[in-house]
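Protein chains get the first letters and strands the later ones, always in sequence-line order, with residue 1 at the start of each.
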Amino acid sequence: MSNELEQVAQRKAKLAELVALGVPPYPVRFDRAETISAVAAAHGDTTGDVLEADQPQTRVAGRIMSIRSFGKANFLVLSDGLSRLQVYVRADSMPALDFEIFKRLDFGDHVGVSGRVFRTRTNELTIWAASITFLAKCLLPLPEKWHGLTDVEARYRQRYLDLIVNVEARKVFETRARVVAGIRRFMNGRGFLEVETPMMQPLAGGALARPFVTHHNTLDMELYLRVAPELYLKRLTVGGFEKVYEINRNFRNEGISTQHNPEFTMLEFYEAYVDYHHLMTMTEEMLAEVARDATGGLECAFNGHVISFAAPFRRLSLRHAAAEAAAERLGRPVTELDMRDREAAAAVARALGFEVKGAHGAGKIATTVFEGLWEDRLVQPTFVFDFPTEVSPLSKQKPDDPDTVERFELYAGGFEVANGFSELNDPVEQRRRFEGQLKDRAAGDAEAHQMDEDYLRALEYGLPPTGGEGIGIDRLVMLLTGSPSIRDVILFPLMRPISDSRS
RNA sequence: GGGCCCGUAGCUCAACUGGCAGAGCAGCAGACUCUUAAUCUGUUGGUUGGAGGUUCGAUUCCUCCCGGGCUCACCA
């Protein structure tokens, strides 16, 4: 695109003509009396007769979404992003200069209009323009008004264009904002304190994931973008904040897919003196309330299914469900006990076609079997509970069963939405778990947890019995907006830059 | 990273088995006093993502590269 587009040159020429007429090309402000949405709302039900009697005056601003000319009668459609309103333009109703401005307007320009509100013969709510103020030029031609912008790559790369021409795109992000606001309302209403913990951490802890690495110049030190806020939030619980939460970004240097973006938003919260049973109930209540706030109901259409957030959610014990599904698939008995035995579980997993590595214990294998057989079948919200200790280095063991922790994951739409557990608060056991992770790390597992001495020290001061949970906001919004890709619910998803051999 | 698919005008899309690269919208010029995907007449706009190759001839076939989508693997 080295040669300037003809249409861009034409639009620049029109702008130059306005300047020649003495019109400021980029004025600093426009005092509108009300928004277009407000006009539409105020007069949405007013009849033309009433409007003729009242002659309501208004002064609005917006982007031109279409221009239709009929010789002496002309129509503009203005948008304030939310609503659209028609403007009736004729030369004999406004100063000569204003009509000269009108003649040089393009689809996409910003204008201010004042005039009276009336209804046309076709009953369309319209402003009869008494003046037009030029506010800003759209130099680049916008996508077509009828089909909009459908190229997904362009929609992600140039989200501003997507938002201008695709109303549904805007609605997704409005719903997202309502989801986040609804969660804050829910948490605040329960006495939780919203906090912000470091995103740049000397140790990337709190989740099993590969971090991004960065560098601080003055301190000359390596820093990691956080993979989770977990260990800092629990330090706060040690410090006496009994109910804390954080809604913010996590960063994981891993694959990109329809369900994974390198940066994603999590709600993470901790509450002293509760266990994972309490968290599951609270999650049911939260999601029902948030769904109702954001969408008006408990049900949402996703991927050809209707997902209901009505409580109670289904509950599945991980090893039990893994054994049951494996037995069904293999046509021979598989017991929960098999899922606890390294060799029996490995045999089952291999028979099912899953990879079993030498370092994998029974717990990791049982989890693999479960995820392989169940994950995409869990369309309705389902709590999967009682995870193997082996795959849960920060969770508390069940009192009568050291191989199992009090942990659950919530699945919906075929993917994981939340993860919560009774927090491990025994510093001796936590050190043992970290040491186990170090062995995995030494064996080549780049996602294994690192030793965090300061966190252990915090635990030594005494973390009360605590329940903690993380909820993936992007995925929740996917479900609530029926978006099949996480990129549809992230305003600016990460894209590879365009190189010279393109564009 | 593997597999499959896609990339043509500003946008949305055509172009049969390899035979002059087109339409609608947008734009430009004109007509039109209430239209709303306005209509009508005329018209501009292309290195077909990039670089090579095969061929008399490539949007079409082949190779490599760039970007994207779906999917598998990894992960949340």
Side-chain angles (χ1 to χ4, degrees), chain A residues 1-11 13-14 48 65-77 84-93 106-108 118-126 128 138-158 161 164-166 206-210 227-228 250-266 268 354-355 368 371-372 375-376 409-411 415-419 445-447 470-476 478 484-487 493 495-503:
Chain A
M1 213 191 290
S2 54
N3 294 334
E4 185 174 76
L5 198 63
E6 187 184 12
Q7 293 192 44
V8 176
Q10 287 165 351
R11 284 171 180 243
K14 288 179 184 176
M65 302 311 290
S66 74
I67 303 175
R68 293 184 291 274
S69 295
F70 301 81
K72 289 179 180 152
N74 306 276
F75 294 93
L76 298 176
V77 175
R84 296 183 174 197
L85 188 61
Q86 183 169 264
V87 176
Y88 182 49
V89 179
R90 45 185 308 148
D92 56 14
S93 297
D106 279 305
F107 175 33
F118 75 110
R119 283 190 184 273
T120 62
R121 281 176 209 162
T122 49
N123 207 36
E124 177 86 10
L125 192 68
T126 304
W128 192 309
C138 175
L139 289 174
L140 301 177
L142 289 173
E144 194 201 344
K145 59 191 169 190
W146 188 241
H147 294 97
L149 187 68
T150 61
D151 177 48
V152 289
E153 182 178 353
R155 292 184 54 206
Y156 298 152
R157 285 188 192 277
Q158 296 180 272
L161 272 187
I164 290 170
V165 297
N166 294 329
L208 307 181
R210 299 173 67 167
V227 296
N250 290 343
F251 308 85
R252 300 193 182 172
N253 203 343
E254 286 162 358
I256 294 176
S257 77
T258 49
Q259 286 152 34
H260 302 82
N261 195 63
E263 53 178 310
F264 63 101
T265 301
M266 281 254 290
E268 202 159 298
F354 298 122
E355 188 189 5
T368 301
E371 288 174 353
E375 189 161 18
D376 53 8
E409 287 184 348
L410 174 66
Y411 285 82
F415 48 74
E416 184 188 336
V417 174
N419 178 20
D445 183 355
E447 290 163 10
I471 298 181
I473 301 300
D474 312 275
R475 290 182 174 182
L476 179 60
M478 285 169 68
S485 170
I486 198 167
R487 292 180 155 193
M495 301 290 281
R496 210 183 283 267
I498 302 177
S499 70
D500 291 342
S501 61
R502 201 158 163 271
S503 86

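Although no hydrogens or angles enter the test, the distance criterion places a donor-acceptor pair under 3.5 Å between the side chain of A/Arg475 and the main chain of A/Glu416. Looking at A/Asn166, its side chain does come within 3.5 Å of a backbone N or O of A/Leu149 through a donor-acceptor pair. The backbone N or O of A/Ala209 sits nowhere less than 3.5 Å from a side-chain atom of A/Arg252 that would complete a donor-acceptor pair.
Remark: the separation of the P atoms in B/C61 and B/A15 is 13 Å, to the nearest Å. Comparing B/G1 with B/C56, their P atoms sit 39 Å apart, to the nearest whole Å. When the P atom is compared between B/C5 and B/C74, the two are found 24 Å apart, to the nearest whole Å. Atom C1' of B/C40 sits at a distance of 22 Å from the matching atom of B/G45, rounded to the whole Å. Using atom P as the reference point in both B/G19 and B/G57, the two lie 14 Å apart (nearest Å). Spacing of P atoms, B/G18 relative to B/U59, comes out at 13 Å, to the nearest Å. Straight-line distance between the C1' atoms of B/A26 and B/C62: roughly 38 Å, to the nearest whole Å. Nucleotides B/U47 and B/A9, compared at atom P, are 9 Å apart to the nearest Å.
The number of heavy-atom neighbours closer than 6.0 Å to CZ of A/Arg210, taken from other residues, nucleotides and ligands shown, is 12 or below.
Put simply, CD on A/Glu355 is 17 Å from P on B/C72, counting in whole angstrom units. When rounded to the nearest whole Å, the span between CD of A/Glu375 and P of B/U71 equals 13 Å. Nucleotide B/G69 holds its C1' atom 12 Å from the CZ atom of A/Arg157, rounded to whole Å. For A/Phe415 and B/C74, the CZ to P distance is 18 Å, given to the nearest whole Å. Counting to the nearest Å, the P atom of B/C11 and the CG atom of A/Leu149 are 8 Å from each other. We find that CD of A/Gln7 is positioned 14 Å from C1' of B/G46, with the value rounded to whole Å. Atom NE2 in A/His147 sits roughly 14 Å away from atom P in B/A37 (whole-Å rounding). The separation between A/Glu153 atom CD and B/C66 atom P is 14 Å, rounded to whole Å.
A distance of 11.5 Å separates CG of A/Leu139 from NZ of A/Lys14, quoted to the nearest 0.5 Å.
Put simply, the side chain of A/Ile256 reaches to within 4.5 Å of the side chain of A/Arg487, judged on heavy atoms.
When heavy atoms are screened at a 4.0 angstrom cut-off, A/Arg475 is found touching base atoms of the nucleic acid. Counting non-hydrogen atoms under 4.0 angstrom, A/Leu208 reaches the backbone sugars and phosphates but no base. Residue contacts for A/Gly470: at a heavy-atom cut-off of 4.0 Å it reaches no nucleic acid atom on any strand shown. When heavy atoms are screened at a 4.0 angstrom cut-off, A/Asn123 is found touching no nucleic acid atom at all. Within 4.0 Å of A/Asp151, counting heavy atoms only, lie sugar-phosphate atoms of the nucleic acid but no base atom. Residue A/Tyr88 is in base contact, counting any heavy-atom pair closer than 4.0 Å across all strands shown. The residue A/Met495 sits close only to the backbone: its heavy atoms come under 4.0 Å of sugar-phosphate atoms, none of a base. Across all strands shown, A/Arg11 has no heavy atoms under 4.0 Å from either base or sugar-phosphate atoms. A/Glu416 comes within 4.0 angstrom of the backbone, heavy atoms only, and of no base.
Between A/Gln86 and A/Arg119, the side chains place no donor N or O within less than 3.5 Å of an acceptor N or O (distance only, hydrogens not considered).
Mapping A/Lys72 and A/Pro143 onto RNA chain B by nearest heavy atom places A/Pro143 at the nucleotide closer to the 5' end. Along RNA chain B, the nucleotide nearest to A/Glu409 and the one nearest to A/Ser485 differ in position, and the one closer to the 5' end is contacted by A/Ser485.
For the pair A/Asn250 and A/Met266, the tightest heavy-atom approach, listed with the atom from each and the gap, is ND2-CG, 3.3 Å. For A/Ile486 against A/Gln259, the heavy-atom pair with the smallest separation is CD1-O, 3.7 Å. Nearest heavy atoms, A/Phe354 versus A/Gly372: CZ-CA, 3.6 Å.
Residue A/Lys14 places at least one side-chain N or O under 4.0 Å from the OP1 or OP2 atom of B/C28. The side chain of A/Ser66 places no N or O atom within less than 4.0 Å of a non-bridging phosphate oxygen (OP1 or OP2) of B/C25. Checking the phosphate oxygens (OP1, OP2) of B/U71, a side-chain nitrogen or oxygen of A/Thr258 falls inside 4.0 Å. Within the structure, a side-chain polar atom (N or O) of A/Thr150 is placed less than 4.0 Å from OP1 or OP2 of B/U12. In this structure, A/Arg68 reaches the B/A38 phosphate: one of its side-chain N or O atoms is under 4.0 Å from OP1 or OP2. When the side-chain nitrogen and oxygen atoms of A/Lys145 are compared with OP1 and OP2 of B/A26, one or more of them lie within a distance under 4.0 Å.
In this pair, A/Phe75 lays its aromatic ring flat on the base of B/U35, centres within 5.5 Å and planes under 30 degrees apart. Remark: ring of A/Phe107 does not overlap the six-membered base ring of B/A26 in a stacked fashion, as centroids less than 5.5 Å apart with planes less than 30° apart are not both met.
B/U17 is unpaired under the criterion used here, namely a Watson-Crick or G-U wobble arrangement in which both key atom distances are under 3.5 Å. Pairing for B/U8 is absent, with no Watson-Crick or G-U wobble pair whose two atom distances lie under 3.5 Å. In this structure B/C61 sits in a base pair with B/G53, meeting the Watson-Crick or G-U test at under 3.5 Å. With a cut-off of 3.5 Å on both pairing distances, the Watson-Crick or G-U wobble partner of B/A31 is B/U39.
Scanning atom types as modelled, one donor and one acceptor separated by under 3.5 angstrom connect the side chain of A/Gln86 and the base of B/U35. With hydrogens and angles left out, the side chain of A/Glu144 and the base of B/A26 share no donor-acceptor pair within 3.5 Å.
Aromatic ring orientation, A/Trp128 versus A/Phe118: tilted (interplanar angle from 30° to 60°).
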Exercise. Can you give one letter per nucleotide of nucleotides 1-6 of chain B, 5' to 3': B if a protein heavy atom sits under 4.0 Å from the base, S if only from the sugar-phosphate, - if neither?
Worked result: ------
